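Structure first, then comments.
None of these values were measured; they are calculated from a predicted model. Just follow the structure's listing: the first ligand is 1, and inside any ligand the first atom is 1.
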Amino acid sequence: MKVGIVGWRGMVGSVLMQRMSAEKDFELFDAVFFSTSNAGGDAPQVARADRTLKDASDLKALAACDTIVTAQGGDYTNDVFPKLRAAGWKGYWIDAASALRMSDDAVIILDPVNLPVINDALARGVKDYIGSNCTVGLMLLALDGLLKADLIEWVSAMTYQAASGAGAPQMRELIEQMGQLHSSARDLLSDPASAILEIDHAVSMTLLSDQLPARSIGAPLAGSLIPWIHTDLGDGISGEERKAGAEANKILGRPAMGEPGSLIVEGLCVRVGAMRCHSQALTMKLRADLPLSEIEKILADANEWVTVISNNRDDSIRELSPAKVTGTMSIPIGRLRKLAMGPEYLSAFTVGDQLLWGAAEPLRRMLRLLLNKL
Ligand code: HSE
């Protein structure tokens, strides 16, 4: 198979390259690398057959590929994909961007959760396979066992989303904000006799001043949070929150949210000062009053990445944090407890790396599925 790779230098693309190299994926096919800015330059070492970068807008070069994997972003997809299909290209399109996600011709890929949906689509000749929204994907991986057993009536997710979900410039700016806050209080901090309210005042002034770097993020994030992610369509639900119900049901192969047989997914999405792990506090209504031990076993047995963390202080602090999970494939879920609302109500807290399982990993696994090598 000849596989075209676009957007491999961006943040998601770089994580994808790391994972594909680590798993020796490049030994399975001939990779052709494309570039939007450096056509004619040198392709990465892993390109065995063709060592020259192709132009990512060259439809003929793209159409020569059996499969295209792109992490270039939605604008690229919206520009190039329709032209390629209009020119008669029948290859597989594997994409990290959201542009095609809800299209009737596309399947959202999260194989540990929806392999039957993907296999059915492959058998029907579907050619467009799109990675999910990171928050949705990470939640479904964590709840995989309860979903497969159809035990969840509804789930509300209160998210704590990392800066990486907004982009690489936002990650840099978050650190700059942290540095600026520290600078504003450095002298006071170094004096053990200084008053904490003085330190707080200095930091608060910096948070609200024009001096705080906020060009990319648009607001203070270090030492604060942002309770809205993505677009405002005027009806009180953010773009990110709307994706949850829509994508979750599509991934699971269920009717659209609100229709009989659908999963109700609600919540509020919040940006916090974490680097690349999204966390989510979940409240669920189950369809049955199962013992907690049984719920834990169902969750833990669902896939090889989810781990149930005992609901106690030490384990929760040690295991259920962005700092612990970052850069790993692990999907810990903890804080599991029956709630006072009734025996079918369950709380949970889960964390996942939004660049790995939240973005890159499903793409490379889809490629392996096409090659029968998963
Ligand atoms: N929408 C996510 C976020 C990023 O802003 O955190 C990836 O889907």
Side-chain angles (χ1 to χ4, degrees), residues 7 10-16 19 69-78 94-103 106-110 113-114 129-142 157-174 214 216-219 221-222 224-233 237-251 265-282 322 325-327 329 331 350-364 366:
M11 185 161 56
V12 171
S14 301
V15 173
L16 181 63
R19 284 291 301 143
V69 180
T70 169
Q72 180 68 34
D75 290 346
Y76 177 79
T77 299
N78 284 330
I94 302 176
D95 196 342
S98 64
L100 300 173
R101 254 183 226 152
M102 295 309 291
S103 142
V107 163
I108 306 181
I109 46 176
L110 190 66
V113 171
N114 73 344
Y129 293 89
I130 318 298
S132 78
N133 168 271
C134 44
T135 319
V136 182
L138 294 171
M139 178 182 74
L140 296 187
L141 280 166
M158 299 298 165
T159 75
Y160 305 77
Q161 294 182 222
S164 59
Q170 284 80 349
M171 293 172 81
R172 302 175 80 104
E173 197 169 80
L174 170 63
S216 301
I217 300 174
L221 182 58
S224 189
L225 57 76
I226 305 173
W228 195 286
I229 295 180
H230 289 221
T231 48
D232 181 353
L233 298 176
I237 307 174
S238 74
E240 185 78 353
E241 289 150 12
R242 188 184 304 279
K243 285 178 187 173
E247 289 190 22
N249 282 289
K250 179 162 180 174
I251 291 168
V265 187
E266 267 291 0
L268 291 178
C269 293
V270 178
R271 185 81 66 208
V272 298
M275 286 298 275
R276 56 181 274 187
C277 281
H278 286 358
S279 307
Q280 308 184 54
L282 307 173
V325 174
T326 195
M329 304 289 293
I331 309 281
T350 181
V351 186
D353 187 311
Q354 73 93 212
L355 295 174
L356 283 165
W357 266 123
E361 192 65 8
L363 307 188
R364 62 160 289 272
M366 184 66 214

- Note on the structure: Among non-hydrogen protein atoms, atom 1 (N) of ligand 1 lies closest to Glu240 OE1, 2.7 Å
- Query: Of all the atoms in ligand 1, which lie at a distance below 4.0 Å from a heavy atom belonging to Ile229?
  - Reply: 5 (O)
- Ignoring angles and geometry beyond distance, decide whether Gln161 reaches within less than 3.5 Å of ligand 1 through its nitrogen or oxygen atoms. yes
- ligand 1 N/O within reach of Gly165 N/O, cut-off under 3.5 Å: yes
- Check whether any side-chain heavy atom of Ser164 lies under 4.5 Å from a side-chain heavy atom of Met275, and answer yes or no. no
- Query: Would you call His278 and Arg271 a side-chain contact if the rule is heavy atoms closer than 4.5 Å?
  - Reply: yes
- Which of the ligand 1 atoms, numbered from 1, are nearer than 4.0 Å to a heavy atom of Gln354: 4 (C), 7 (C)
- Just need the protein heavy atom nearest to atom 8 (O) of ligand 1, so name the residue and atom and give the distance. Cys134 SG, 2.8 Å
- Could you check if a side-chain atom of Gln161 sits within less than 4.5 angstrom of a side-chain atom of Val272, using non-hydrogen atoms only? no
- Item | Flag side-chain contact, heavy atom, 4.5 Å: Tyr129 against Asp95 | no
- Query: Relative to atom 5 (O) of ligand 1, which among Glu247, Arg271, His278 owns the nearest non-hydrogen atom?
  - Reply: Arg271
- Is there side-chain contact between Leu110 and Leu141, with at least one heavy-atom pair below 4.5 Å? yes
- Can you find a pair of side-chain heavy atoms, one from Val15 and one from Leu356, that are under 4.5 Å apart? yes
